[in-house]
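To start, the structure under review is shown below, and the notes come after it.
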Protein chains: 2
Amino acid sequence: MWRVNTLGFAILGLLARRPLSGYRVAQLMREPIGFFWNAGHAQIHGTLRKLVEAGWAEYRTEPGPGPHDKKLYSATAAGRAALAEWAASPLPTPQPHDELLLRVYNGWLADPAAMREMLTAELERREASLAHYLTVRAEFEADGTPEDPTTQRFVDYATVLNGIGSERYVLDWLRWLIGTLRD
Amino acid sequence: MWRVNTLGFAILGLLARRPLSGYRVAQLMREPIGFFWNAGHAQIHGTLRKLVEAGWAEYRTEPGPGPHDKKLYSATAAGRAALAEWAASPLPTPQPHDELLLRVYNGWLADPAAMREMLTAELERREASLAHYLTVRAEFEADGTPEDPTTQRFVDYATVLNGIGSERYVLDWLRWLIGTLRD
DNA sequence: AGATCCATGTAAACCGTTACATGATTAT
DNA sequence: ATAATCATGTAACGGTTTACATGGATCT
């Protein structure tokens with residue numbers, strides 16, 4: 001039987017919250033989840049099939065638009081239990097892939113003006129991202145700061161706070177770096 | 001001809017600094033580069049072969065221990081030029097894969113005590129990592145803070161500062177999160 | 001004597017991206 | 001009329017991991 005991979009748990013985490021079509025999973029994989037995980041629809045459909053084979057998800061069919069039926073997936077009790085155990089199990093050592101740092105590491109060879117341009121574009125992208133996180137945080141706090149770590153609302157809030165911290169430190173670092181590239 | 005991927009540039013960045021065997025590349029891919037990129041030796045040998053085919057790297061053979069000859073790779077002039085251009089070219093939108101955040105996102109289902117344990121282990125790992133970065137920074141600054149962005153010494157320093165900032169914000173966030181899991 | 005380091009390679013399996021393929025419903 | 005959205009799938013290719021395979025030199 002298939003050894004469920006991290007993407008499997010990412011998808012199961014969405015199905016554990018509410019039943020979804022593969023198409024909706026792909027959307028959520030862009031918008032709230034996209035800040036820490038992502039996958040395209042081709043990969044998602046295959047993984048959903050494997051989750052069903054593993055007995056961790058099930059679906060009911062509805063007549064959908066287009067040539068294929070719509071499938072509404074949800075997590076089974078076994079799937080939820082496996083997800084709950086996985087969430088708190090020891091983390092594997094991370095294998096980072098940060099292209100920005102790789103660019104900077106090789107930046108001593110590059111034209112400083114071109115480097116400054118690339119970094120400024122990245123700065124602007126991340127300023128927009130921070131602004132978005134701050135809006136979301138404000139919406140959370142307007143309804144009362146979440147406090148119970150066993151609620152969906154709390155964990156959503158926690159990931160947003162992480163996003164804010166993450167963008168803030170990179171922005172500081174980028175501003176310092178761009179400053180060293182002044183002529 | 002092969003479209004050089006990000007790993008190709010990661011390896012080329014090491015070869016642009018000094019000639020290396022594939023084995024040494026694999027070592028460096030763990031230790032200083034491992035904080036922002038990584039790959040196993042199987043992938044590295046294949047990519048080195050492709051870099052040579054592309055005319056961006058070359059090697060001279062030396063009798064090595066074991067059944068195969070040792071190959072000392074270095075970047076060609078064309079390779080260096082391509083690397084310099086790539087370093088400052090626009091960044092693709094990043095596709096994050098952060099398992100820690102995925103765990104937290106599903107943590108509402110998990111046992112809070114188990115969650116606290118996993119997060120505490122991660123906290124300790126990252127405290128050690130921060131301590132390491134701080135030592136490296138102190139060594140840099142003892143010899144005078146690097147200031148010229150067109151030197152290897154400066155870009156190495158810049159990546160270490162990034163590491164410090166990155167670990168510090170996650171540590172703050174982890175301490176807050178673990179605090180909410182007190183019983 | 002045994003473990004670790006240096007050193008390179010192949011093969012199979014799996015993961016991930018891109019392109020191709022179809023087609024109804026709804027909004028502009 | 002045209003575009004976007006909803007909806008699912010396959011095929012080909014390329015990237016990544018894991019296991020297998022070999023063997024000298026050096027350290028404990």
Side-chain angles (χ1 to χ4, degrees), chain A residues 1-11 14-15 19-31 33-34 37-54 57 59-73 92-97 99 102, chain B residues 1-11 14 19-31 33-34 37-54 57 59-73 92-99 102:
Chain A
M1 219 233 283
W2 178 55
R3 219 170 223 86
V4 181
N5 59 19
T6 311
L7 176 59
F9 287 108
I11 294 173
L14 293 168
L15 300 181
L20 294 167
S21 68
Y23 183 86
R24 279 291 291 154
V25 169
Q27 277 188 328
L28 297 170
M29 205 51 89
R30 272 195 238 99
E31 184 42 48
I33 304 305
W37 207 268
N38 71 71
H41 85 275
Q43 220 187 333
I44 288 165
H45 283 301
T47 304
L48 280 167
R49 188 178 41 75
K50 289 189 211 161
L51 283 172
V52 172
E53 279 165 22
Y59 62 89
R60 56 190 170 81
T61 304
E62 282 178 23
H68 302 280
D69 277 345
K70 175 176 168 170
K71 292 176 181 173
L72 251 192
Y73 291 89
T93 54
Q95 320 216 130
H97 291 274
E99 192 163 337
L102 203 54
Chain B
M1 218 235 283
W2 178 56
R3 221 169 223 86
V4 181
N5 59 20
T6 311
L7 176 59
F9 287 110
I11 294 174
L14 293 169
L20 295 166
S21 67
Y23 183 85
R24 278 291 289 156
V25 169
Q27 277 189 329
L28 296 170
M29 205 50 90
R30 272 194 238 99
E31 183 41 48
I33 305 305
W37 207 269
N38 72 70
H41 84 274
Q43 222 187 331
I44 289 165
H45 284 300
T47 305
L48 281 168
R49 189 177 41 74
K50 289 190 210 160
L51 283 173
V52 172
E53 279 165 21
Y59 64 88
R60 56 190 170 81
T61 306
E62 280 178 25
H68 302 282
D69 278 344
K70 175 175 168 174
K71 292 176 181 174
L72 252 191
Y73 292 89
T93 55
Q95 319 215 132
H97 291 273
D98 187 330
E99 193 164 335
L102 204 53

Practice item. Would you kindly give the CG-to-P distance between A/L48 and D/dT8, to the nearest whole Å? Key: 9 Å
Check your understanding: Could you give the CH2-to-C1' distance, from A/W37 to C/dC15, as a whole number of Å?
Key -> 11 Å
Study note, to complete from the structure: Of the listed D/dG15, C/dT8, D/dT8, the closest approach to the B/K50 side chain comes from D/dG15
Review point. Within this structure, what is the CE-to-P distance between B/M29 and C/dC6, rounded to whole angstrom?
Key: 17 Å
Check your understanding: Are the side chains of B/T47 and B/W2 in touch, meaning some heavy atoms are under 4.5 Å apart?
Key -> yes
Identify the pairs formed between an N or O of the protein and an N or O of nucleotides 18-24 of chain C at a distance under 3.5 Å, and give each distance.
{"residue": "C/dA24", "atom": "O4'", "partner": "A/G66", "partner atom": "N", "Å": "3.3"}

**Study point:** Neighbour count >12 (heavy atoms, 6.0 Å) for atom OH, B/Y73
**Key:** yes
Check your understanding: Any side-chain heavy atom of A/E99 within less than 4.5 Å of one from B/P92?
Key -> yes
Exercise for review: Take A/H45 and A/R49, measure what side-chain contact (heavy atoms from CB on, under 4.5 Å) needs, and give me the verdict at the end.
Suggested key: CA-CA 6 Å; A/H45 283 301; A/R49 188 178 41 75; over 6 Å; no
Practice item. Give the rounded distance in Å between these two atoms: NE2 of A/H45 and P of D/dC6. Key: 13 Å
Check your understanding: Could you state the OH-P distance from B/Y73 to C/dC6, rounded to the nearest angstrom?
Key -> 18 Å
Review point. Does a side-chain heavy-atom distance below 4.5 Å link B/Y23 with B/V25?
Key: no
Review point. Once you round it to whole Å, what is the distance between P of D/dT18 and CG of B/N38?
Key: 11 Å
Revision key, fill the gap. In whole angstroms, the gap separating P of D/dT22 from CG of B/D69 amounts to 18 Å
Practice item. By nearest nucleotide on DNA chain C, pick out whichever of A/W2 and B/Y23 is the more 5' one. Key: B/Y23
Exercise for review: Assess the side chains of A/Q27 and A/R24: does a donor N or O sit below 3.5 Å from an acceptor N or O?
Suggested key: yes
Study note, to complete from the structure: The single option from B/I11, B/L28, B/L48 that satisfies side-chain contact (heavy atoms from CB on, under 4.5 Å) with B/L20 is B/L28
Practice item. Compare side-chain N and O positions of B/K70 against OP1 and OP2 of D/dG24 and report whether any pair is under 4.0 Å apart. Key: no
Review point. For A/N5 and D/dT17, what is the distance between atoms CG and P respectively, to the nearest whole Å?
Key: 13 Å
Study note, to complete from the structure: The answer to which of B/R49 and B/Q27 contacts DNA chain C further toward the 5' end, by nearest nucleotide, is B/Q27
